[in-house]
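All heavy atoms count here, side chains included; hydrogens, waters and symmetry mates do not. If you read the sequence from its start, that first residue is 1, and numbering goes on from there.
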Amino acid sequence: MRVYCAENYAAMSRRAANIISAQVITKPDSVLGLATGGTPVGAYQRLVECYKEGDLSFAEIRSVNLDEYYGLSPRHEQSYRYFMQSNLFDHIDIKPENTHVLNGLAKDPAEECAKYNQLIEDLGGIDLQLLGMGHNGHIAFNEPGDDFGLETHLVTLTERTIEANTRFFERKEDVPRQALTMGIKNIMRARRILMVVSGADKAEAVYKAFCGRVTKEVPASILQLHPDVTLVGDKEALSKLIEAGVAVCG
Ligand code: F6R
């Protein structure tokens with residue numbers, strides 16, 4: 001695992017965007033696995049700037065997103081499809097038909113999940129998977145205790161995740177209780193993983209994930225077994241990892 005420690009959120013975002021840009025430049029038809037949430041927003045902004053400056057093209061890029069709230073329409077402002085459109089897709093030259101987000105309104109969630117697994121396979125697998133991490137160590141919506149062997153599936157969100165995501169909704173009651181998510185198995189098959197973490201409130205989760213035991217209770221800990229992981233964080237989020245003596249690059 002490579003760990004990059006950035007001075008602050010802006011520097012972390014630039015570093016993450018540089019790694020994604022390098023992937024896009026070296027393999028212009030890459031399959032990017034994308035994440036939502038607060039942490040990657042700065043990296044997406046930087047990618048948009050690189051595109052507008054003429055340094056990057058997404059014309060041949062294909063994307064698959066990690067997850068979507070179950071029950072939200074793609075037009076709902078808090079849906080992950082809406083997030084991706086407004087933070088990235090609407091501002092770059094990616095072809096709409098090459099962007100894939102699970103359908104939160106699918107009548108048959110099991111069928112939607114099976115179709116998504118097939119889609120990822122048909123695309124040839126994920127070249128670079130971007131991840132954030134929840135305070136409880138979740139990745140995508142794989143919550144503590146979930147099976148490491150699962151592919152895309154329907155999950156019931158934990159109280160902690162609902163609490164954390166309430167900041168994006170008017171009221172806690174509005175946060176959907178279920179989501180469709182890629183499973184750990186899909187994520188572990190990605191050829192490269194890029195995780196972004198920011199803020200002191202993530203330090204404990206980062207420490208447990210990368211210095212603790214590999215356990216279902218901390219879903220991100222499985223990444224210790226992936227051969228190509230890059231962790232990019234600000235110094236607050238990485239503080240406990242650094243204290244524990246994990247080697248970091250500047
Ligand atoms: C989002 C996702 C989630 C987030 C995680 C961290 O697609 O899969 O696992 O990455 O909840 O969210 P933030 O970045 O808001 O702290």
Are E60 and N98 close enough, and set up right, to give a side-chain contact (heavy atoms from CB on, under 4.5 Å), and what steps lead you there? CA-CA 8 Å; E60 303 305 324; N98 285 347; 5.7 Å; no

Would you please test I126 and R192 for side-chain contact (heavy atoms from CB on, under 4.5 Å) and show each step? CA-CA 8 Å; I126 298 167; R192 297 175 66 203; over 6 Å; no

Can you list the steps and then say if R189 with E151 is a salt bridge (charged side-chain N to carboxylate O under 4.0 Å, His left out)? CA-CA 10 Å; R189 280 203 201 111; E151 294 187 282; 3.1 Å; yes

Where is the tightest heavy-atom contact between [X] and [Y], given as atom of each residue plus distance?
X    : Y    : result
G37  : V41  : O-CG2, 3.6 Å
G42  : Y9   : N-OH, 2.8 Å
G125 : V31  : O-CB, 3.3 Å
R75  : Y82  : O-CD1, 3.6 Å
A209 : A220 : CB-CB, 3.8 Å
A244 : C211 : CB-SG, 4.1 Å

Identify, with sequence neighbours excluded, every residue that meets salt bridge (Lys or Arg N to Asp or Glu O under 4.0 Å) alongside E217.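 Listed in chain order: nothing, the list is empty.
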
Salt-bridge test for R46 and E49: reply yes if a basic N is under 4.0 Å from a carboxylate O, no otherwise.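 Yes.
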
Does this structure show an ion pair linking E112 with K107, if we count only N-O contacts that are shorter than 4.0 Å?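 Looking at K107 together with E112, the answer is no, because their closest N to O distance does not fall below 4.0 Å.
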
Side-chain heavy atoms of [X] within contact of [Y], under 4.5 Å:
X    : Y    : value
V101 : P74  : no
N65  : M84  : yes
I94  : S63  : yes
I139 : I184 : yes
L194 : Q23  : no
L88  : L34  : yes
F210 : V246 : no
N136 : T161 : yes

[atom2] on [Y] to [atom1] on [X], rounded to 0.5 Å:
X    : Y    : atom1 : atom2 : value
N117 : M182 : CG    : CE    : 9.0 Å
R160 : E143 : CZ    : CD    : 10.5 Å
M195 : M1   : CE    : CE    : 10.0 Å
L223 : L131 : CG    : CG    : 6.0 Å
L66  : L130 : CG    : CG    : 7.5 Å
K235 : C5   : NZ    : SG    : 7.5 Å

Co-membership, hydrophobic cluster, residues [X] and [Y], 4.5 Å side-chain:
X    : Y    : result
I242 : V197 : yes
L241 : V229 : yes
V218 : V3   : no
V214 : M188 : yes
L102 : L119 : yes

Greater than 12 external heavy atoms within 6.0 Å of [X]'s [atom1]:
X    : atom1 : answer
E170 : CD    : no
E77  : CD    : no
Y207 : OH    : no

Pair D146-H153, side-chain contact (heavy atoms from CB on, under 4.5 Å): steps then yes or no: CA-CA 11 Å; D146 286 356; H153 60 288; 4.3 Å; yes

Are the side chain of [X] and the backbone N or O of [Y] linked by a donor-acceptor pair below 3.5 Å?
X    : Y    : answer
Y116 : H100 : yes
H91  : Y51  : no
D93  : F58  : yes
D127 : L32  : no

Run the salt bridge (charged side-chain N to carboxylate O under 4.0 Å, His left out) test on E159 and K172 for me, step by step, so that the C-alpha distance in whole Å, both residues' side-chain angles and the decisive distance to 0.1 Å come before the verdict. CA-CA 10 Å; E159 194 53 34; K172 188 174 162 191; 2.6 Å; yes

Please lay out, stage by stage, how V24 and S30 fare under the test side-chain contact (heavy atoms from CB on, under 4.5 Å). CA-CA 6 Å; V24 171; S30 288; 5.7 Å; no

Can you tell me which residue among V206, L231, V196, T39 is in a side-chain contact (heavy atoms from CB on, under 4.5 Å) with M133?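 Only match with M133 under side-chain contact (heavy atoms from CB on, under 4.5 Å): V206.
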
Hydrophobic cluster partners of F168 (side-chain heavy atoms under 4.5 Å):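 Hydrophobic cluster check, F168: joined to Y69, L72, Y80, F141, V155, L157, I162, F169, V175.
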
Distance-only polar pair, side chains of S73 and R81, donor-acceptor under 3.5 Å: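 There is no such pair between these side chains.
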
